[in-house]
Visitor: 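Quick one: the structure is below, questions incoming.
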Amino acid sequence: MIAVRQVTQQNQGKKTAGIDGVVALKPSERQPMVRKLKVNDGGKVKPTQRVWIPKPGRDEKRPLGIPTIYDRALQGLVKIALEPEWEAVFEANSYGFRRPRGCHDAIDAIFQCIKGKPKWVLDADIAKCFDKIDHSALLKKLNNSAPVRRKIREWLKAGVMDRYEYQPTHAGTPQGGVISPLLANIALHGMETEVKKIVPKENKQKEIGVVRYADDFVIMHKDREVIDAAKEVISRWLKGVGLELKPEKTRIAHTLEGDDSGFDFLGYNVRQYKVGKYRSGKTQKGYKTLIKPSAKSIKNHKEKLKAVVDSHKAAPQAALISKLNPIIRGWCNYHRTVVSKEIFGELDTYLWEITWKWAKQRHPNKLKSWIAKKYWKAEGSRQWNFRDNKGDKLLLHSETEIVRHVKVKGTVSPMDGNLVYWSKRLRKSPLVSPRVITLMGKQKGKCGYCGMLFKDGDK
């Protein structure tokens, strides 16, 4: 029932059909599907529907494989069975596609690794990770009972329908499948352990840091020779699962030294800056570690804002505000955990420039004072608020409070039974809305009806 609910009511892609054309089911159709859902159903798996979506900021397109609604529900059922087993053994610094973990945990893990000492970094990306995973190597790792292995093999070998043309699948897991992210994590499990073998235990393995988010990862160590060796080890290890590094997205950099110091990871720029050794009469480190939104992330955000403003030249002010606010809120919430205050202020300046241009184009023969009075209102200490007569106001980036994110502990899992830890963590998370955090505080993290503790992912 949970699996059916997930794919027919909660998932964002519930309205996207597979090759059978069936989408989100009506309430009267869900219960029959629950009774029909069995791993050893004896039915043949239908091919996935190939959908091409554009990659942000690039001309390339990413292929998605959309299974039928029945196969998605069945994949959800198998995922519910497999996840507890694998969550118990997954490596501590694997953060992608694991529900209570996320980008902010990965970034904080990097900060914890480099804050004590500047290090060399291998910043790498795996080429076409989802498309090239070796099926035999993956199934060997799974080591499950025959019905589960057989069903997963059928999903992997089901093929795709691309514009009414059938194409067999000899490698990879279809992006778009419910179980695909878990299978990708299983395929890449063991990378951190393999890299740490380079440094003997007596030389403190902790000095080498490995942080992986899905198919992006960084390796950090104080010696350049160790980083070069890690690159060779990773390349050999990836061949065992049918994968390889992407040369154009793989580089070695230093966090402090050199003209091109620092690196970008998950939309952030991680870099160390030289500072004076003495400040206020106290000895300080000769560097400071700062993590900021990356230049590429800022550029993409500006382009998105401008595209919305340009497409609403004739729209009412309220329509423009309602379209811009979710974009601003989402971008700020993602970057609010790092050093972003100055950048938020710069983006507000840019936002004023494009909205002012928008207003002037609508009234080319009016005075600037008339335009300002029509579209901007005074409120509190701020004189320029882009607000309509009904009270709808454009959000400002600088209104977002900077809140530091606390990294998830080691190898803890939401399936380890420690619901108190996960409930408390959810009540303090900067990624949860203030309204929800306030309510959870009043209810002590529990549902007012059944008394059960809330955990990440609950609706």
Side-chain angles (χ1 to χ4, degrees), residues 1-25 29-30 32-41 43-51 53 62-87 90 94-102 129-131 133 135 138-139 141-142 144-145 147-161 169 171-189 213-215 413-415 455-459:
M1 290 175 79
I2 291 169
V4 170
R5 178 191 170 112
Q6 187 74 40
V7 300
T8 62
Q9 292 175 271
Q10 294 181 355
N11 283 1
Q12 287 186 345
K14 62 189 175 185
K15 294 181 181 178
T16 307
I19 63 167
D20 59 358
V22 178
V23 288
L25 301 170
E29 296 173 314
R30 291 187 190 119
M33 178 176 276
V34 170
R35 290 193 288 270
K36 187 180 169 187
L37 219 57
K38 290 179 184 176
V39 174
N40 54 348
D41 53 11
K44 190 175 179 182
V45 173
K46 291 183 173 65
T48 58
Q49 177 72 47
R50 173 62 53 84
V51 177
I53 60 168
R62 178 186 286 115
L64 287 186
I66 311 298
T68 62
I69 200 82
Y70 174 80
D71 281 328
R72 270 181 269 171
L74 197 53
Q75 285 183 17
L77 184 63
V78 172
K79 184 184 175 186
I80 290 168
L82 290 180
E83 220 167 16
E85 174 194 351
W86 282 97
E87 279 293 337
F90 274 147
S94 162
Y95 297 100
F97 304 130
R98 296 177 65 188
R99 195 172 57 194
R101 296 161 175 257
C129 177
F130 280 89
D131 299 334
I133 292 173
H135 290 170
L138 176 58
L139 290 167
K141 268 190 173 184
L142 279 168
N144 284 106
S145 61
V148 174
R149 280 170 59 84
R150 193 183 305 118
K151 185 54 70 175
I152 291 174
R153 186 188 288 109
E154 287 175 11
W155 286 326
L156 295 174
K157 302 287 186 185
V160 297
M161 290 293 291
T169 47
T173 61
Q175 291 188 63
V178 175
I179 203 172
S180 295
L182 176 62
L183 295 178
N185 268 337
I186 292 170
L188 296 173
H189 174 64
Y213 187 91
D215 57 347
S413 161
M415 293 150 191
K455 60 182 185 295
D456 187 73
D458 288 339
K459 296 289 179 184

Visitor: To the nearest 0.5 Å, tell me how far L138 CG sits from I133 CD1.
Guide: 6.5 Å
Visitor: Quick one, F90 with N185, criterion side-chain contact (heavy atoms from CB on, under 4.5 Å). Give me CA distance, side-chain angles, the key distance, then yes/no.
Guide: CA-CA 8 Å; F90 274 147; N185 268 337; 3.7 Å; yes
Visitor: Keeping S413 on the side-chain end and M415 on the backbone end, is there a donor-acceptor pair under 3.5 Å?
Guide: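 Indeed, once roles are kept as given, a pair shorter than 3.5 Å links the two residues.
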Visitor: Looking just at side-chain N and O atoms, do K157 and H135 make a donor-acceptor pair shorter than 3.5 Å?
Guide: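 A pair is found: one side chain offers a donor N or O, the other an acceptor, under 3.5 Å apart.
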Visitor: Sub-3.5 Å donor-acceptor pair from the side chain of K79 to the main-chain atoms of I179, do we have one?
Guide: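 Such a contact is absent between K79 side chain and I179 backbone.
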Visitor: Keeping the roles fixed (side chain from T48, backbone from G65), state whether a donor-acceptor pair exists under 3.5 Å.
Guide: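 Between the backbone of G65 and the side chain of T48 there is no qualifying donor-acceptor contact (under 3.5 Å).
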Visitor: When you compare the side chain of I69 with that of V22, does any pair of heavy atoms fall below 4.5 Å?
Guide: yes
Visitor: How close do D215 and C129 get, counting heavy atoms only, and between which atoms?
Guide: CB-CB, 3.6 Å
Visitor: Please examine the side chains of K151 and Q75, heavy atoms only from C-beta on, and report whether any two atoms are closer than 4.5 Å.
Guide: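 Side-chain contact under 4.5 Å: no.
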Visitor: Indicate the atoms forming the closest heavy-atom contact of G176 with P67, along with that distance.
Guide: O-CD, 3.9 Å
Visitor: Compare every heavy atom of A3 with every heavy atom of G76, then report the nearest pair and how far apart it is.
Guide: C-CB, 3.9 Å
Visitor: Does a side-chain heavy-atom distance below 4.5 Å link V160 with Q49?
Guide: no
Visitor: If we only count heavy atoms from C-beta on, is the L139 to R149 side-chain gap below 4.5 Å?
Guide: yes
Visitor: Would you give the length of the straight line joining atom OG1 of T8 to atom CZ of R72, rounded to the nearest 0.5 angstrom?
Guide: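 Taking OG1 in T8 and CZ in R72, the distance rounds to 10.0 Å.
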Visitor: Are the side chains of D131 and T173 in touch, meaning some heavy atoms are under 4.5 Å apart?
Guide: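 When only atoms from C-beta onward are counted, T173 and D131 do not touch, as no gap falls below 4.5 Å.
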Visitor: Is any side-chain heavy atom of L182 closer than 4.5 Å to one of F97?
Guide: no
Visitor: To the nearest 0.5 Å, what is the distance between CG (L77) and CE (M1)?
Guide: 13.0 Å
Visitor: Show the nearest heavy-atom pair for residues Y70 and K36, with the distance to one decimal.
Guide: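 Reported closest heavy-atom pair: OH-O, 3.4 Å.
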Visitor: Would you say CD1 of I2 has more than 12 non-hydrogen atoms from neighbouring residues, nucleotides or ligands within 6.0 angstrom?
Guide: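 Check fails, neighbour count at 12 or below.
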Visitor: If you apply the rule side-chain contact (heavy atoms from CB on, under 4.5 Å), what do you find for L82 with I152, and how did you get there?
Guide: CA-CA 11 Å; L82 290 180; I152 291 174; 3.9 Å; yes
Visitor: Between F130 and L183, is any pair of side-chain heavy atoms under 4.5 Å apart?
Guide: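 No, their side chains stay 4.5 Å or more apart.
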Visitor: Output, in order, the C-alpha distance, side-chain angles, deciding distance and verdict of side-chain contact (heavy atoms from CB on, under 4.5 Å) for Q6 and V178.
Guide: CA-CA 10 Å; Q6 187 74 40; V178 175; 5.8 Å; no
Visitor: Could you tell me which non-hydrogen atom of P147 sits nearest to which non-hydrogen atom of N40, and how far apart they are?
Guide: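 Heavy atoms of P147 and N40 come nearest at CB-CB, 4.4 Å.
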Visitor: Between V45 and E154, what is the shortest heavy-atom contact and its length?
Guide: CG2-OE1, 3.4 Å
Visitor: Does atom NZ (K46) have a neighbourhood of more than 12 heavy atoms from anything else shown, all under 6.0 Å?
Guide: no
Visitor: Would L64 and R50 count as a side-chain contact (heavy atoms from CB on, under 4.5 Å) if you check the C-alpha gap in whole Å, the side-chain angles of each, and the deciding distance to 0.1 Å?
Guide: CA-CA 6 Å; L64 287 186; R50 173 62 53 84; over 6 Å; no
Visitor: As an exercise, state the distance from CD1 of I66 to CD of Q175, rounded to the nearest 0.5 Å.
Guide: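 With rounding to 0.5 Å, CD1 (I66) is 10.0 Å from CD (Q175).
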